[in-house]
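Taking it in order: structure first as structure tokens, then the write-up.
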Amino acid sequence: MEKQGIRRIVFFSTAANDLEREDLLELFDMASRNSTANSLTGLSMYHRRSFCHIREGDPNEITKSLVRMEQSHWHYNLSIVSDTIVERRRFRKWFFAFEGGGKFGDRGPNQILEIHKIFETPELDYAFEDLACRSFAQAFTDDIKTPT
């Protein structure tokens, strides 16, 4: 029997509502449990009601994850920008990034990140091989550097 590769998808979604930090932590806890239970790894970034996601894992589990997200009250308007089969994973676990995220270290070492710190996290360098994700994170970083 031929071994399946790892499915890696990059997609965007829109938050159904403005999310407060407590909402994001609840979402993180739920997504982290689901990702761990289904051996999914990757990265989700949140900024201004938009999400950028990278998921990797068993192709069937990725499909199930997408169905769960489409049925979730958290997201709508899922838009896949890349869907590939690769030989190996790039992420060792699932990460979540949002403004102020690094202040919640009790959720696991380096698993919740302040979104602008992603560029300082060597393990996540490869996440930005995808131009859409790099642009998303860079726009956020530019936002927080620009005085209002």
Side-chain angles (χ1 to χ4, degrees), residues 5-59 61-86 88-105 107-146 148:
I6 301 295
R7 182 177 178 192
R8 182 179 301 134
I9 62 171
V10 177
F11 61 104
F12 290 88
S13 65
T14 303
N17 299 297
D18 287 328
L19 300 178
E20 301 292 329
R21 288 179 189 199
E22 295 77 22
D23 299 322
L24 290 166
L25 291 172
E26 180 182 340
L27 179 59
F28 166 80
D29 287 339
M30 180 192 63
S32 183
R33 282 191 306 274
N34 286 337
S35 295
T36 300
N38 298 301
S39 300
L40 300 178
T41 57
L43 168 69
S44 289
M45 297 179 281
Y46 174 79
H47 178 55
R48 293 189 178 186
R49 289 192 66 190
S50 294
F51 288 92
C52 176
H53 310 270
I54 302 172
R55 289 283 185 282
E56 55 186 20
D58 176 87
E61 292 302 328
I62 293 289
T63 299
K64 290 176 189 176
S65 175
L66 286 171
V67 168
R68 278 191 304 272
M69 289 184 74
E70 287 176 335
Q71 296 171 347
S72 166
H73 71 278
W74 295 103
H75 304 265
Y76 70 96
N77 197 27
L78 270 66
S79 175
I80 296 173
V81 295
S82 174
D83 190 346
T84 58
I85 299 295
V86 297
R88 64 180 179 84
R89 293 176 187 263
R90 290 288 184 94
F91 295 87
R92 63 181 167 88
K93 59 185 174 182
W94 181 75
F95 295 88
F96 190 51
F98 60 93
E99 183 178 4
K103 297 175 184 164
F104 300 99
R107 295 294 209 270
N110 301 321
Q111 203 162 352
I112 297 180
L113 303 168
E114 290 187 52
I115 198 166
H116 65 281
K117 298 260 185 206
I118 287 178
F119 290 112
E120 301 167 11
T121 306
E123 181 182 0
L124 300 183
D125 283 347
Y126 46 75
F128 298 107
E129 290 175 5
D130 183 273
L131 185 58
C133 288
R134 177 175 289 282
S135 297
F136 183 93
Q138 190 63 55
F140 178 86
T141 301
D142 291 348
D143 264 5
I144 63 172
K145 288 180 180 176
T146 304
T148 53

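Taking every heavy atom of both residues into account, F96 and L27 meet most closely at CZ-CD2, 4.4 Å. In this structure, I85 and P59 approach most closely via the heavy-atom pair CD1-CG, 4.2 Å. Shortest non-hydrogen contact noted between Y46 and A15 is CE1-CB, 3.9 Å. Heavy atoms only, all atoms of each residue included: L40 and S65 are closest at CD1-CB, 3.7 Å. Residues H53 and S13 share a closest heavy-atom pair of NE2-OG, 2.9 Å. Listed here is the closest heavy atom pair of G57 and I62: N-CD1, 3.8 Å.
For D29 (side chain) and E26 (main-chain N/O), no donor-acceptor pair under 3.5 Å exists by modelled atom type. Side-chain atoms of R90 do not come within 3.5 Å of backbone N or O of G42 as any donor-acceptor pair. The main-chain N or O of F91 is found under 3.5 Å from a side-chain atom of E56 such that the two form a donor-acceptor pair.
In this structure, CG in D58 is found 7.5 Å from CD1 in I6, a value given to the nearest 0.5 Å. Here N34 contributes atom CG and E61 contributes atom CD; the two are 10.0 Å apart, rounded to the nearest 0.5 Å. For the atom pair CZ (F11) and OG (S82), the distance works out to 11.5 Å, reported to the nearest 0.5 Å. For the atom pair F95 CZ and S32 OG, the distance stands at 11.0 Å (nearest 0.5 Å).
Listed by chain and number, the residues in a side-chain hydrogen bond (donor to acceptor under 3.5 Å, both in side chains) with D83 are R7 (sequence neighbours excluded). For R68, there are no side-chain hydrogen bond (donor to acceptor under 3.5 Å, both in side chains) partners, not counting sequence neighbours.
For S44 and R55, the side-chain atoms include at least one donor-acceptor pair closer than 3.5 Å.
Side-chain contact between D18 and R49: present, with at least one pair of heavy atoms (C-beta onward) separated by less than 4.5 Å. You'll find the side chain of L66 reaches within 4.5 Å of the side chain of I80, heavy atoms only. Using a 4.5 Å heavy-atom cutoff, the side chains of M69 and L78 are in contact.
Between H75 and F51, the ring planes lie tilted relative to each other; the angle falls in the 30° to 60° range.
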